[in-house]
Amino acid sequence: MEKFFDVVEQFGVDVFNEETMQKRLPKNVYKTLKKTMTEGKELDSSIADIVANAMKDWAIEKGATHYTHWFQPMTGITAEKHDSFISPNGDGTVIMEFSGKELIKGEPDASSFPSGGIRATFEARGYTAWDPTSYAFVKGGSLYIPTAFYSYSGEALDKKTPLLRSMDAVSDAALRILKLFGNTTTKRVVATVGAEQEYFLVNKETYDKRKDLIFTGRTLFGAPAPKGQELDDHYFGVIKDRVADYMKDLDERLWKLGITSKTKHNEVAPAQHENAPIFAPANLATDQNQLTMELMKKVALEHGLVCLLHEKPFAGINGSGKHDNWSLSTDDGQNLLDPGKSPMQNAQFLTFLAAIIKAVDEYSDLLRMSVASPGNDHRLGANEAPPAIISIFLGEELQGVVDALVDGKEYTSNGKQMFNVGVSSLPDFPKDSTDRNRTSPFAFTGNKFEFRMVGSNLNIAGPNTILNTIVANSLTDFADELEKVSEDKFNEALHDLLVKTISEHKRVIFNGNGYGDEWPVEAEKRGLPNLKSTVDAVSCITKPKNIELFKKFGVYSEVELHARQEILFENYSKVINIEALTAADMAKTEILPAVMKYAKDVCDIAASKKSVGIDPVVEMDTAKKVNELTVALSKNAAALSDAIVKAQGVDGEEAKARCYHDEVFGLMQSLRAVADELETIVGEDYWPYPTYDELLYNV
Ligand code: ADP
Ligand code: MG
């Protein structure tokens with residue numbers, strides 16, 4: 001019989017969460033720690049020892065023998081190095097120890113993580129610092145301490161540090177705005193994030209037979225299966241038992257780690273699924289999404305499955321994204337993107353909305369850059385994901401409000417007059433009637449924005465760092481202007497500011513079909529950037545206006561920006577290099593021999609038919625066609641190999657990435673086209689690896 005899992009009792013049992021803290025820490029220590037957490041302050045070192053000791057005792061009771069500072073280097077995945085709690089007594093025995101110092105700061109030998117040249121190896125020291133706003137947890141016999149990772153000279157070497165900096169920036173800026181609206185009680189504004197994670201499940205046995213999946217996470221070859229996603233019969237369809245078992249197991253593991261896994265369903269493509277949690281503060285949501293991805297893969301293996309998180313594992317059917325739902329919330333739980341009930345609340349909502357519109361328009365290049373990856377290049381603009389052009393979807397209702405404001409007209413809904421333009425007389429306006437526009441990269445969905453360009457494999461720290469920073473910038477501009485105005489002129493000044501801002505930036509608002517052919521043309525007329533590839537997008541990081549922005553809010557220094565740009569270019573080249581090498585290898589050592597064997601067998605049949613006087617019409621046709629394609633395959637493979645060598649020799653990270661993009665990538669596509677055509681001709685038994693049918697339909 002199946003074991004009963006008591007969710008309420010089990011939720012967060014492996015997390016040193018507030019409930020546990022309260023139980024395990026002296027009252028005053030808990031209070032100080034709590035203050036640190038809610039106000040984003042630094043932890044008082046005098047209480048660190050007490051917290052560390054309590055954490056250790058708790059972790060040992062949960063079976064832990066080690067602790068690790070858990071961090072998120074620029075590789076995009078997480079890193080951990082485990083130390084045991086043991087400390088020798090001097091008499092051959094040991095005790096279990098964990099000090100406040102060890103909790104707060106770590107010094108992993110981290111010279112092999114990408115730093116974009118920030119750390120020459122002679123000063124390779126990197127430090128990790130506890131982020132007390134994200135809970136510690138126990139997993140696999142270790143106490144995990146979420147940390148930020150930085151260099152000897154204080155530069156961020158990870159994705160977490162800039163995110164935390166950006167959360168401070170947006171909090172400070174938002175507080176200034178709230179104060180202008182008479183709010184004196186809110187102490188911190190929190191960026192909240194809920195990440196909807198898409199993924200594919202394939203059989204481990206099938207997976208193991210494909211080098212491309214093993215080395216690159218996606219299929220580099222494969223003709224389409226006869227059936228794709230055209231019947232729309234997978235989306236929200238009945239979940240198969242095997243997949244349901246997997247999801248159940250995954251949920252239980254996530255819940256124990258305090259991750260609020262909420263929604264699960266089948267996605268559009270065959271073998272594709274989704275998991276979504278309830279939103280959390282951005283840094284916690286980031287940690288939890290990293291853990292979710294890790295557990296998705298791990299639990300899959302335990303079920304004889306492999307979880308693919310690549311953005312485009314299969315050509316011709318949808319890839320996987322990760323909708324990044326984002327909002328701002330006060331420390332007492334007021335969602336600032338929830339259109340309010342009173343006129344003042346509505347004015348405040350419109351202020352935040354205008355700030356976001358301005359931010360997205362002014363820094364659309366950065367938003368685009370924040371989701372750039374070789375994998376995501378396959379999705380953006382491929383009619384399954386938003387185009388590479390950034391635009392905002394407001395929906396009919398909100399668009400009406402914004403238009404009325406700008407045009408100085410009355411706003412009516414269902415024939416009812418809803419408000420007058422004067423901010424002081426803004427009455428209630430209807431909310432949550434936003435129509436769903438799945439084709440927009442950045443859509444208002446009732447009380448939050450949904451950033452839909454994020455790829456499934458991406459660490460969400462990046463896009464949220466950008467969102468927080470650019471919105472902090474608009475809010476700061478607003479505050480600078482409005483703080484100068486006397487109280488009796490506030491409404492008028494606010495009204496003027498909103499009208500001016502929206503008028504200036506309304507080009508970025510687009511409520512139409514983002515997949516339509518007309519949109520890129522229209523977007524170009526509006527002067528909106530269309531950065532099609534990762535290489536184009538990454539180039540923008542170090543534009544003067546962007547360097548200026550990050551410096552202003554202390555989110556990235558100029559050195560950090562150059563380093564990150566270098567790492568991103570380098571990563572692009574490395575990924576395409578691995579893909580190209582794998583493709584060339586598969587073509588030469590797997591596909592060619594298989595095709596030759598088939599051709600030989602066909603020719604043998606032809607010869608024997610001829611010897612008895614039968615004209616081998618079909619055999620001759622097939623042999624000729626296969627021969628033609630074989631020649632092309634061999635030529636294309638050779639050209640690809642040459643291009644790889646050329647790209648490897650290019651100097652400079654940007655030039656190299658461009659070479660991989662402009663030359664190597666295209667040749668991979670041509671090679672694939674020939675191989676996929678051969679797949680449709682050559683006998684099934686000859687084909688050297690499992691086809692799309694087997695991959696997509698046998699879980
Ligand atoms: P969808 O229809 O796109 O699946 P849902 O309404 O199910 O959208 O929500 C998707 C995600 O948005 C969930 O993870 C949810 O927790 C998150 N979300 C809801 N409200 C907020 C908010 N205020 N801030 C951030 N994320 C939010
Ligand atoms: Mg969504």
Side-chain angles (χ1 to χ4, degrees), residues 11 133 163 166-167 170-171 174 178 186 188-199 234-237 239 247 250-251 254-255 258-268 272-293 296 318 320-340 345 348-349 352-353 355-356 384-386 392-395 398 431-456 458 460-461 463-468 471 514:
F11 189 84
T133 60
L163 175 67
S166 75
M167 288 174 75
V170 77
S171 175
L178 291 182
T186 298
R188 183 158 174 91
V189 170
V190 185
T192 53
V193 170
E196 303 167 56
Q197 180 72 49
E198 292 181 341
Y199 61 98
H234 196 254
Y235 190 54
F236 285 11
I239 300 171
M247 288 175 165
L250 176 66
D251 272 338
L254 293 174
W255 288 333
I259 299 172
T260 52
S261 176
K262 171 87 174 159
T263 313
K264 52 187 181 188
H265 60 79
N266 285 351
E267 259 300 330
V268 173
Q272 191 185 30
H273 314 280
E274 183 181 294
N275 172 286
I278 296 172
F279 67 93
N283 60 327
L284 192 59
T286 299
D287 288 356
Q288 296 193 335
N289 181 248
Q290 291 296 121
L291 273 176
T292 300
M293 291 196 285
M296 278 179 162
N318 279 5
S320 299
K322 177 151 58 192
H323 291 175
D324 187 88
N325 295 273
W326 178 93
S327 188
L328 292 172
S329 171
T330 62
D331 50 10
D332 49 1
Q334 186 201 344
N335 180 355
L336 297 174
L337 294 185
D338 209 347
Q345 282 173 338
Q348 184 183 298
F349 165 75
F352 280 94
L353 181 73
I356 293 168
E384 62 179 72
I392 299 182
F393 170 82
L394 290 182
L398 195 52
K431 62 167 190 176
D432 235 354
S433 52
T434 45
D435 22 341
R436 292 299 205 150
N437 179 336
R438 293 273 155 197
T439 68
S440 173
F442 198 75
F444 183 69
T445 48
N447 57 7
K448 59 181 161 59
F449 273 96
E450 190 165 326
F451 188 24
R452 302 215 181 97
M453 288 170 107
V454 184
S456 49
L458 197 77
I460 55 170
N464 289 303
T465 300
I466 301 297
L467 268 172
N468 296 339
V471 173

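Indexing begins at 1, ligand by ligand and atom by atom, following the structure's order. For the single chain, residues carry numbers from 1 onward in sequence order.
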Peer 1: Looking at ligand 1, does N335 have a heavy atom less than 4.0 Å from it?
Peer 2: yes

Peer 1: Run the numbers for me: atoms of ligand 1, each under 4.0 Å from some heavy atom of G194, listed by number.
Peer 2: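 Counting from 1, the qualifying ligand atoms are 14 (O), 25 (C), 26 (N).
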
Peer 1: Minimum heavy-atom separation for F451 and P463, please, with both atom names.
Peer 2: CE2-CB, 3.9 Å

Peer 1: Could you list which atoms of ligand 1 come closer than 4.0 Å to a heavy atom of I278?
Peer 2: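 Taking each heavy atom of I278 in turn, ligand 1 has 16 (O) under 4.0 Å.
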
Peer 1: Please say whether E274 places an N or O atom under 3.5 Å from an N or O atom belonging to ligand 1.
Peer 2: no

Peer 1: Check K262 against ligand 1 and report side chain, backbone, both or neither, counting heavy atoms closer than 4.0 Å.
Peer 2: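 Under 4.0 Å from ligand 1, K262 contributes no heavy atoms.
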
Peer 1: Parallel, tilted or perpendicular: which fits the ring planes of F449 and F442, with parallel below 30° and perpendicular above 60°?
Peer 2: parallel

Peer 1: Does the plane of the ring in F236 sit parallel, tilted or perpendicular to the ring in H265? Use 30° and 60° as the thresholds.
Peer 2: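 Judged by the thresholds at 30° and 60°, the geometry between F236 and H265 is perpendicular.
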
Peer 1: With atoms numbered from 1 as shown, which atoms in ligand 1 lie under 4.0 angstrom from a non-hydrogen atom of E450?
Peer 2: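 Once the distances to E450 are compared, the set is 3 (O).
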
Peer 1: Is a donor on one side and an acceptor on the other found under 3.5 Å between the side chain of S327 and the backbone of T192?
Peer 2: no

Peer 1: Does an N or O from H323, backbone or side chain, lie closer than 3.5 Å to an N or O of ligand 1?
Peer 2: no

Peer 1: Which residues pass the ring-ring contact (aromatic ring centres under 6.0 Å, His included) test with F279, not counting sequence neighbours?
Peer 2: none

Peer 1: Return a yes/no value for T192: is any of its N or O atoms, backbone included, closer than 3.5 angstrom to an N or O of ligand 1?
Peer 2: yes

Peer 1: Given that the side chain starts at C-beta and the backbone is N, CA, C, O, which of these parts of H265 lies under 4.0 Å from ligand 1, counting heavy atoms, or is it both or neither?
Peer 2: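 Within the 4.0 Å criterion, H265 makes no contact with ligand 1.
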
Peer 1: Can any side-chain N or O of E450 pair as donor or acceptor with the backbone N or O of A443 at less than 3.5 Å?
Peer 2: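 Checked: no pair found.
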
Peer 1: Can you check whether A195 has an N/O within less than 3.5 Å of an N/O in ligand 1?
Peer 2: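 No.
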
Peer 1: Geometry only, no angles: is P277 polar-contacting ligand 1 at N/O separations under 3.5 Å?
Peer 2: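 So ligand 1 has an N or O lying under 3.5 Å from an N or O of P277.
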
Peer 1: What residues form a salt bridge (Lys or Arg N to Asp or Glu O under 4.0 Å) with E384, not counting sequence neighbours?
Peer 2: K312

Peer 1: Under a plain distance cut-off of 3.5 Å, with no hydrogens placed, do N275 and S261 share a side-chain donor-acceptor pair?
Peer 2: yes

Peer 1: Contact between Q197 and ligand 1, counting heavy atoms under 4.0 Å?
Peer 2: no

